[in-house]
Each structure stands twice: as structure tokens, then as C-alpha cells.
> 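Okay, handing you the structure first.
Protein chains get the first letters and strands the later ones, always in sequence-line order, with residue 1 at the start of each.
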Amino acid sequence: MCGRFTLSYKSKELQLELGLPESQLDWQPRYNIAPTQPIASILRAETKKIEFLRWGLVPGWAKDIEIGNRLINARSETIMEKPSFRNAFARRRCLILADGFYEWKKAKMKGAPSQPYYFHLEDKKPFALAGIWEIWHAPDGSELWSIAIITCEANEILKPVHDRMPVIFDKNQMFNWLEDRPQIELVEMMQPYNTEKMKSYMVGKAVNSPFNDTPACIEEKKQSGLLLIKSRSFNAPIV
DNA sequence: CCAGACGTTGTT
DNA sequence: GTCTGG
DNA sequence: CCAGACGTTGTT
DNA sequence: GTCTGG
């Protein structure tokens, strides 16, 4: 799944890297973007304009915004059938701008904390996550624009950590996702990204709290001394 | 017909 | 809103 | 995704 | 344990 990600690029650099039109928008680098927060998205291929939508899709039928708090992901395998997602999939696909994301590996021991890992492209370039968006009309008459990130099976670099991952598009493919295309082509686009072009490493517990949003979240955590000694003695006993 | 779900994740 | 279950 | 709350009454 | 909030 995908429950936290980063966008450490500032708007100017991101525009240059992805060939986006100039915009007045500006933001601080983000190292720990969490559900319910506004996320940078592109809804239309024609304008490539960046807009911020709430992460957590609130379906049109919802009576309450809280329903969106758990709809942060949509499974690519079933997105066409689900009442909450299928209309958005057909008509409201979007890109979510990112340069990395986190996944947690569950501890084998019950109650032990999960270990977070950071995933990014080998060249550290920005990319897009596949998404769908929706407009919800609140009871008070206001509009809420919200988003879900599409997930697929994990590729080989994710598998040791987690069995799901977000659908990733690099800058060469991303705008195809926004075009009107036959459904079969859209389905084929929702595939695990090329493992060879990704990297990952362990990070510390800073990322666990959504209140921590600093470069400390993406700092590499070296394997602990205890684990090093264990693996060394296991693999290469001292003579 | 009306009532109630509609979603993902992980865990048991 | 729309579909499923009773 | 993880962190943190989770409840009522009456009184100060 | 389960739900809400970020």
C-alpha cells in the first residue's frame, strides 16, 4: 500500500524536471506527507496545472467527510467495479507528484514495532503516482476535492517489505494516464514499476509520526550493531 | 419494496 | 447515486 | 501508513 | 480493540 510519501522538490525544480508550465504556486519541501493532507496533483493533460487535493477519497454518496479517511488507496485489480471508484476511474484520473514513498515491514514478533523503508527512483528524480479524484458536495454546500492513490502488486524491490505498492509513472509515461484511452490500455498501465530503476533503504522512526516532516525522515538508518554481528557470525564465522 | 453497504490494510 | 441482500 | 484517543457528570 | 486524525 502507500500511506506516506515525499515531495522534496520545490515547485521551480519540479517544473523544470517534469516540463510543467510556469506557475505561481510554491511550497516547502515535504518529507512526510500523510493522509487527509493536501497533495500536489495534476488533473488535466491540457493544462498540466498543479492543484492541491485532500488525500482520502470522499465518494459522492458520502454523508460525512470521515469516509475518506480510510479510502487513501484504490486497488488496481478492482477499481473498475467498485461503486466508490469506478466513475472516477473512467473520468477523473490524475497524477500525484512525488519523489519517494515509505512502506513499513511488519515485525515477526507480535507487538514489536514495524520497520519503515524509503523507496525512490535510482536517479532520485520526481515521478507521479497514479490516482483518481472526486468532488464531494458537503452538507453546508461547500465542495471538497479529494484523491486516492492506486496500488498494485509489489515488484521485487518492494516484496521483502510489503506486498503492495503504488502505481508509478516516470515523466515519460505520466501524461498518458490523463488521456482518454480504451479501458484495456488504462488497465495495462497499472503495473508494478521496473525494479531495476528503483532503490530503497531503511529509515529511522521519525517518519512514524505525521508531525515530523523534516529531512530526518529520509535519513538512512544503518543496520544495528547487534544485527551486524549476528549476520557476520552467521555468514562468515571468525577464524 | 426498503435497508444498508459502498473501501483498504493487516491481523486473527 | 447505485447495487446487494432480505 | 502510524499515533493517539477512546466518556460522562458536575464542579471549580 | 477500534476508531479518528494527520
> Over how many whole Å does the gap from A:K63 atom NZ to C:dG1 atom C1' extend?
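That distance rounds to 10 Å.
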
> Evaluate the ring planes of A:F101 and A:F127, with Trp represented by its six-membered ring, and classify them as parallel (under 30°), tilted (30 to 60°) or perpendicular (over 60°).
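Plane angle over 60°, so perpendicular.
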
> In whole Å, I'd like the distance from the NZ atom of A:K105 to the P atom of B:dT11.
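These atoms are roughly 12 Å apart.
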
> What is the distance, rounded to the nearest whole Å, between atom CD1 of A:I150 and atom C1' of B:dT8?
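In whole Å, B:dT8 C1' lies 14 Å from A:I150 CD1.
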
> Check DNA chain D against residues 77-89 of chain A and give the residues with a non-hydrogen atom under 4.0 Å, in numerical order.
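Residues of residues 77-89 of chain A under 4.0 Å from DNA chain D: none.
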
> Check the geometry between A:W61 and C:dT2 and answer yes if their rings are stacked (centres below 5.5 Å, planes below 30°), otherwise no.
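No; by the centre-distance and plane-angle rule, A:W61 does not count as stacking on C:dT2.
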
> Hey, what are the protein-to-nucleotides 3-6 of chain E N/O distances that come in under 3.5 Å?
unit_1 : atom_1 : unit_2 : atom_2 : d
E:dT4  : OP1    : A:E66  : OE1    : 3.3
E:dG6  : N9     : A:P35  : O      : 3.4
E:dG6  : N9     : A:T36  : OG1    : 3.4
E:dG6  : N7     : A:P35  : O      : 3.2
E:dG6  : N7     : A:T36  : OG1    : 3.1
E:dG6  : N2     : A:R4   : NE     : 3.3
E:dG6  : N2     : A:R4   : NH2    : 2.9

> Where does the angle between the aromatic ring planes of A:W145 and A:W133 fall among parallel (under 30°), tilted (30 to 60°) and perpendicular (over 60°)?
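The rings of A:W145 and A:W133 lie parallel, inter-plane angle below 30°.
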
> Mind checking the P distance from E:dG6 to B:dC6? Whole angstroms is fine.
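These two P atoms come out 26 Å apart once rounded.
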
> Is the shortest side-chain N/O distance from A:R164 to OP1 or OP2 of D:dC1 below 4.0 Å?
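Checking D:dC1 against A:R164, no side-chain N or O comes under 4.0 Å of OP1 or OP2.
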
> Do A:I79 and A:Y193 sit in the same hydrophobic cluster, where Ile, Leu, Val, Met, Phe, Trp and Tyr count as joined when their side-chain heavy atoms come under 4.5 Å apart?
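Yes, because A:I79 and A:Y193 connect within a single hydrophobic cluster, where side-chain heavy atoms sit under 4.5 Å apart.
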
> What's A:D213 touching, base or sugar-phosphate or nothing? Going by heavy atoms closer than 4.0 Å.
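It contacts nothing in the nucleic acid.
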
> Is there a Watson-Crick or G-U wobble partner for E:dT4 with both distances under 3.5 Å, and if so, which one is it?
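Across any shown strand, E:dT4 pairs with D:dA3.
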
> Is there a continuous path of hydrophobic side-chain contacts, each under 4.5 Å between heavy atoms, that joins A:I218 to A:Y117?
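Cluster IDs for A:I218 and A:Y117 differ.
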
> Work out how far the P atom of E:dG5 is from that of D:dG7, and round it to whole angstrom.
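Here E:dG5 and D:dG7 have their P atoms 11 Å from each other.
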
> Would the distance check show the side chain of A:S146 and the main-chain N or O of A:V58 forming a donor-acceptor pair, the cut-off being under 3.5 Å?
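Side chain of A:S146 to backbone of A:V58, a donor-acceptor pair under 3.5 Å: yes, one is there.
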
> Grab the CG-C1' distance between A:N73 and B:dC6 for me, whole Å please.
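After rounding, the reported distance stands at 17 Å.
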
> Do the side chain of A:N73 and the main chain of A:C2 share a donor and acceptor less than 3.5 angstrom apart?
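Yes, the answer is positive, given that a donor and an acceptor are paired below the 3.5 Å cut-off.
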
> Given atom NZ of A:K108 and atom C1' of B:dT12, what is their separation to the nearest angstrom?
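That distance rounds to 19 Å.
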
> Examine the side chains of A:Q115 and A:K205 and answer whether a donor and an acceptor come within less than 3.5 Å of each other.
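A:K205 and A:Q115 do not have a side-chain donor-acceptor pair below 3.5 Å.
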
> Over how many whole Å does the gap from A:L71 atom CG to D:dC1 atom P extend?
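A:L71 atom CG is separated from D:dC1 atom P by 13 Å.
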
> Would you mind reading off the distance between A:E153 atom CD and B:dT8 atom C1', rounded to a whole angstrom?
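Those two atoms, CD and C1', are 17 Å apart.
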
> When you compare D:dT8 with E:dT4, how far apart are their P atoms, in angstrom units rounded to a whole number?
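Taking atom P in both D:dT8 and E:dT4, they lie 14 Å apart.
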
> Taking only the C1' atom of each, what is the distance from B:dT11 to D:dC1 in whole angstrom?
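15 Å, rounded to whole Å.
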
> If the P atom of B:dG4 is compared with that of D:dG10, how far apart are they to the nearest Å?
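Nearest-Å result for B:dG4 against D:dG10 at atom P: 33 Å.
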
> Using a strict threshold of under 4.0 Å (side-chain N to carboxylate O), is an ion pair present between A:E81 and A:R86?
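Salt bridge flag = no for A:E81 with A:R86.
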
> Are A:Y9 and A:W27 an aromatic pair, judged by ring center distance below 6.0 Å?
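No, too far apart.
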
> Do A:L53 and A:I132 land in one hydrophobic cluster if side-chain heavy atoms of ILVMFWY residues count as linked below 4.5 Å?
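A:L53 and A:I132: one cluster.
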
> Measure the distance from CH2 on A:W55 to C1' on B:dT8 and round it to the nearest whole Å.
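A:W55 atom CH2 is separated from B:dT8 atom C1' by 12 Å.
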
